[in-house]
Amino acid sequence: MPATPPQAGLRARKKERTRHELRDSAARLFAARGFAGTTIADIAAGANVSERTFFRYFDSKEALLLPDGAELFARIEAELAARPAAEPPLDAVGAALLAAARAFGSSGELALAPAPKGTESLVMARLVQEFVDFEDRLATLVERRLPPGTPEPDLRAAVLAGAALAATRAVLRTHGERRSAGAAASGTGAAGTGASASGAAALLPAALDLLAHLPRIGTIEV
């Protein structure tokens with residue numbers, strides 16, 4: 001017998017299609033009417049679903065500005081699981097974050113496009129909160145990678161996971177501030193050339209490199 005009943009597989013594909021149709025509808029409407037001028041009813045109608053259906057997939061209009069949190073964090077977890085077991089934990093976490101950032105940065109998702117005017121602070125705040133919520137899960141995964149006999153493994157894993165995600169949050173804040181500064185300097189309401197050239201994903205390697213020069217908290221020797 002197949003592991004997944006055909007009907008269950010069909011439902012999963014239909015859900016994924018509806019999610020993408022809602023994102024596509026939002027992208028079109030935000031571009032045409034602006035974020036403030038678009039309602040949830042508009043987005044639902046554009047995807048040929050009801051408002052009630054919309055709320056089965058997204059808790060708010062603002063959620064459409066973000067990457068799919070479940071998909072993003074599942075990608076980080078998968079990338080971390082694929083790293084060599086002997087790799088230092090900080091290196092493994094950094095590589096997983098970079099791989100996930102590259103994958104989402106090249107996906108063309110609405111959520112990773114420049115945020116509509118006036119929503120940048122909201123987007124950054126929600127992204128930061130999602131990473132905070134993910135921290136406990138990442139700490140558990142990191143703890144499993146620590147060598148046997150590591151003293152206080154739960155504390156070390158929590159510190160390492162927190163440091164890696166703090167670096168990510170710092171990147172998001174810095175990117176948002178640069179975009180805002182560029183917009184103010186240009187007077188056009190859009191980020192200046194320097195800000196747009198330094199996307200959040202492009203800043204992440206530098207942030208992780210700074211972390212790599214700190215003491216290796218994920219090894220027994222420290």
Side-chain angles (χ1 to χ4, degrees), residues 4 11-13 15-20 22-23 26-27 54-85 87-113 115 119-146 153-176 199-208 211-212 217-218:
T4 302
R11 285 195 299 270
R13 289 194 296 274
K15 282 185 173 182
E16 187 62 22
R17 184 168 62 250
T18 300
R19 178 180 289 273
H20 281 293
L22 285 165
R23 284 193 179 275
F54 175 94
F55 285 109
R56 292 176 186 165
Y57 293 87
F58 300 100
D59 63 8
S60 65
K61 184 173 65 171
E62 289 77 11
L64 286 158
L65 300 174
L66 301 170
D68 185 312
E71 185 179 348
L72 172 61
F73 297 131
R75 183 61 180 260
I76 294 172
E77 292 176 2
E79 294 288 350
L80 183 57
R83 303 303 304 174
E87 188 173 30
L90 181 57
D91 292 346
V93 171
L97 289 169
L98 285 170
R102 284 194 295 268
F104 274 78
S106 62
S107 69
E109 286 284 344
L110 159 69
L112 294 180
T119 66
E120 292 90 347
S121 296
L122 173 63
V123 170
M124 288 301 157
R126 289 195 58 147
L127 277 172
V128 166
Q129 185 58 52
E130 288 208 1
F131 275 95
V132 169
D133 295 341
F134 178 60
E135 194 168 311
D136 286 345
R137 286 166 56 192
L138 183 60
T140 297
L141 296 175
V142 170
E143 185 174 355
R144 294 173 186 167
R145 299 184 64 90
L146 296 178
D154 55 345
L155 175 62
R156 289 171 182 261
V159 171
L160 194 153
L165 293 182
T168 305
R169 294 193 293 271
V171 164
L172 294 172
R173 284 196 301 272
T174 300
H175 178 54
L203 293 176
L204 187 55
L208 293 172
L211 271 187
I217 61 176

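These numbers come from the heavy atoms of this one structure, side chains and all, not from hydrogens, waters or symmetry mates.
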Arg83/Glu79 salt bridge by N-O under 4.0 Å criterion: no
Atom pair CG (Leu138) and CG (Leu80), whose distance is rounded to the nearest 0.5 Å: 6.5 Å
Atom pair CG (Leu72) and CZ (Arg75), whose distance is rounded to the nearest 0.5 Å: 9.5 Å
Atom pair OG1/CD of Thr168 and Glu135 - distance to nearest 0.5 Å: 10.0 Å
Point-to-point distance, once rounded to the nearest 0.5 Å, from CG of Asp154 to OG1 of Thr140: 10.0 Å
By salt bridge (charged side-chain N to carboxylate O under 4.0 Å, His left out) - contacts of Glu143 (at least two apart): none
Point-to-point distance, once rounded to the nearest 0.5 Å, from CZ of Phe54 to CG of Leu22: 6.5 Å
Pro89 versus Leu160, closest heavy-atom pair with distance: CB-CD1, 3.6 Å
Note, Val142 side chain near Arg156 side chain (heavy atom, < 4.5 Å): no
Derivation of the side chain to side chain contact (heavy atoms under 4.5 Å, CB included) call for Lys15 and Arg56: CA-CA 10 Å; Lys15 282 185 173 182; Arg56 292 176 186 165; over 6 Å; no
Leu208 versus Gly94, closest heavy-atom pair with distance: CD1-O, 3.5 Å
Validation row: Leu165, Leu97 side chains within 4.5 angstrom (heavy atoms): yes
Smallest separation among heavy atoms of Ile76 and Ala100, with atom names: CG1-CB, 3.5 Å
Heavy-atom closest contact (Arg137 atom, Phe73 atom, distance): NH2-CB, 4.0 Å
Heavy-atom closest pair, residues Ala139 and Ala158: CB-CA, 3.9 Å
4.5 Å side-chain heavy-atom contact, Glu77 and Phe134: yes
Residue from Arg17, Arg23, Glu16 passing side chain to side chain donor-acceptor pair (under 3.5 Å) with His20: Glu16
Which atom of Ala26 lies closest to which atom of Leu64, heavy atoms considered: CB-CD1, 3.7 Å
